[in-house]
Amino acid sequence: MSVPNIVREYRAQGDGYQNLKLQSATLSKLKATEVTIKIHAVSLQFRDLMVSKGIYPQQKSNIVPCSDGAGEIVALGQEVKGWKVGDRVCPNFALDHIHGDVTKEILSTGLGGHTDGVLREYVNVPVHSLVRIPEHLSYEEGSTLPCAALTAYNACHGPVPLKGGDYVLILGTGGVSIFGAQIALASGATVIITSSSDEKLQVAKNLGVQHIINYKKNVKWDEEVLNITGGRGVDHIIEVGGPNTMLKCINAVRYAGWIHVIGFVSGGDNGIPVPLAIMKAITFRGILIGSVKQFEDMNRLLTAHKIRPVVDKVFSFEEATEAYAYLESQKHIGKVVIKLA
């Protein structure tokens, strides 16, 4: 397959997604240990909104945005082994996070934030960053895996993996949250999920979630969680709200339970109350995506249970700004995807 020298790509200047620039650029020369991927689909996440507004920490200027892409290999560097043209792949969120803990150096290879991302027609990436897309998934579904799915998997199957019979509380119905529910259910957990929308809660219910709570109708949702668990509290919480939901999560988690801190979509600036954290022996764990090894492990689980990502809406490449706007509206359930090919 011939690879073009000139490709189309978006660039973000940090002045809002409305000002994303679609332009032509020269594809970089393929290195010996790289592959060229023809991008078929890209999924969006909250971080992409931050990058578009120039508020993501230490982001690269004039960057090609987005970290989560899926495509096919169209060219191989001369030293690449174990891969072939036509293989369906995703590059990992952080290109150099192969296994183990994240480091400052690994963080600097994060696509779409610290290095140019995947919102473009073709991209060259190091072969060590590649993960195969499960055969039962489309490119659009595969594009949702590198950040949202892997973050949820890392929370559910981190240092102390959840086990059958555990209770898991998940805040919201966005990308990470829906994947968290699917992965927790596949692992034998009982899932409680919150949302302000009965319609979104019904989608979660249809996925098999056992307990749903509308937090606008029930502002004491943490007390309802305690009622569901017989006063014990949940074993794990996937916390995407941030400071404004943290106190209720501390009340809802069991003694010596885990709160996996992933996002801050609800805003606020309160800190973690140290005395409460100590008195309940809570473990707070910040989640920064995951490694290639974890990605591969996750894909085996997705394949075994034939888990399909929930894709809310698909936009064309030329409609990228509309896709960003739809993500920002928070009307979506699961993931928002941009289709390139």
Side-chain angles (χ1 to χ4, degrees), residues 1 3-4 7-12 17 20 22 25 27-28 30 34-49 51-52 56 59-60 63-75 83 85-97 109-134 137-151 175-176 179 289-292 295-296 298-299 302 309 311-321 323-324 327 334-341:
M1 182 180 295
V3 179
V7 301
R8 293 187 301 162
E9 64 182 20
Y10 279 94
R11 291 274 174 180
Y17 62 80
L20 286 174
L22 179 58
L27 183 65
S28 62
L30 185 64
E34 291 182 333
V35 303
T36 301
I37 301 173
K38 179 180 180 180
I39 298 294
H40 283 252
V42 171
S43 71
L44 297 180
Q45 52 164 309
F46 183 72
R47 172 179 178 261
D48 298 320
L49 289 172
V51 169
S52 74
Y56 188 72
Q59 72 179 67
K60 179 179 180 289
I63 192 169
V64 176
C66 300
S67 57
D68 300 4
E72 62 177 314
I73 296 176
V74 294
W83 300 90
V85 170
D87 283 344
R88 302 188 325 135
V89 296
C90 295
N92 196 47
F93 175 93
L95 296 173
D96 289 350
H97 195 180
T109 67
L111 289 165
H114 300 102
T115 190
D116 284 335
V118 296
L119 195 54
R120 46 180 159 173
E121 293 175 317
Y122 293 82
V123 62
N124 295 334
V125 297
V127 67
H128 60 245
S129 70
L130 297 180
V131 179
R132 299 181 193 277
I133 299 170
L137 300 184
S138 67
Y139 284 115
E140 290 82 3
E141 292 169 324
S143 74
T144 70
L145 302 180
C147 179
L150 189 52
T151 296
V176 172
F179 270 120
I289 325 300
S291 67
V292 169
F295 201 154
E296 293 170 342
M298 177 189 71
N299 281 353
L302 300 182
V311 175
D312 184 291
K313 197 169 184 179
V314 179
F315 293 82
S316 70
F317 189 48
E318 292 75 20
E319 295 173 324
T321 57
Y324 272 77
L327 179 72
K335 296 297 291 181
V336 178
V337 172
I338 298 169
K339 183 176 181 179
L340 283 77

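The model shown is predicted, which means the values in this text are computed figures rather than measured ones.
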From [X] atom [atom1] to [Y] atom [atom2], the distance as rounded to the nearest 0.5 Å:
{"X": "I289", "Y": "F295", "atom1": "CD1", "atom2": "CZ", "value": "11.0 Å"}
{"X": "L119", "Y": "L22", "atom1": "CG", "atom2": "CG", "value": "8.5 Å"}
{"X": "I73", "Y": "E34", "atom1": "CD1", "atom2": "CD", "value": "12.0 Å"}
{"X": "L20", "Y": "T321", "atom1": "CG", "atom2": "OG1", "value": "7.0 Å"}
{"X": "K335", "Y": "C147", "atom1": "NZ", "atom2": "SG", "value": "6.0 Å"}
{"X": "F93", "Y": "Q45", "atom1": "CZ", "atom2": "CD", "value": "5.5 Å"}

Which atom of [X] lies closest to which atom of [Y], heavy atoms considered:
{"X": "Y122", "Y": "T36", "value": "CD2-CG2, 4.1 Å"}
{"X": "E121", "Y": "R8", "value": "OE1-N, 2.7 Å"}
{"X": "A70", "Y": "S143", "value": "CB-N, 3.6 Å"}
{"X": "G69", "Y": "V118", "value": "N-CG2, 3.7 Å"}
{"X": "V89", "Y": "W83", "value": "CG1-CZ3, 3.5 Å"}
{"X": "V3", "Y": "A75", "value": "CG2-CB, 4.0 Å"}

(Q) Apply side chain to side chain contact (heavy atoms under 4.5 Å, CB included) to residues L327 and Y17 and explain how you reach the verdict. (A) CA-CA 11 Å; L327 179 72; Y17 62 80; over 6 Å; no
Q. Knowing that exactly one of L145, V125, V292 qualifies, which makes a side chain to side chain contact (heavy atoms under 4.5 Å, CB included) with N92?
A.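 It is V292, the one option of L145, V125, V292 that forms the side chain to side chain contact (heavy atoms under 4.5 Å, CB included) with N92.
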Q: Carefully, step by step, assess I37 and L130 under the rule side chain to side chain contact (heavy atoms under 4.5 Å, CB included).
A: CA-CA 10 Å; I37 301 173; L130 297 180; 3.9 Å; yes
Does the [X] side chain pair with the main chain of [Y], one donor and one acceptor, at a distance under 3.5 Å?
{"X": "E72", "Y": "K38", "value": "no"}
{"X": "N299", "Y": "R132", "value": "yes"}
{"X": "Y10", "Y": "F317", "value": "yes"}
{"X": "Q59", "Y": "V51", "value": "yes"}
{"X": "D68", "Y": "P146", "value": "no"}
{"X": "T151", "Y": "A148", "value": "no"}
{"X": "R88", "Y": "P134", "value": "yes"}
{"X": "T109", "Y": "D96", "value": "yes"}

Q) Under a 4.5 Å cut-off applied to non-hydrogen side-chain atoms, are H114 and Y56 in contact? A) yes
Q) Are I133 and C90 side-chain neighbours, meaning at least one heavy-atom pair lies under 4.5 Å? A) yes
**Q.** Derivation and outcome, side chain to side chain contact (heavy atoms under 4.5 Å, CB included), residues C66 and L111
**A.** CA-CA 7 Å; C66 300; L111 289 165; over 6 Å; no
Q: Could you walk me through whether S67 and R47 pass side chain to side chain contact (heavy atoms under 4.5 Å, CB included), step by step?
A: CA-CA 9 Å; S67 57; R47 172 179 178 261; 3.6 Å; yes
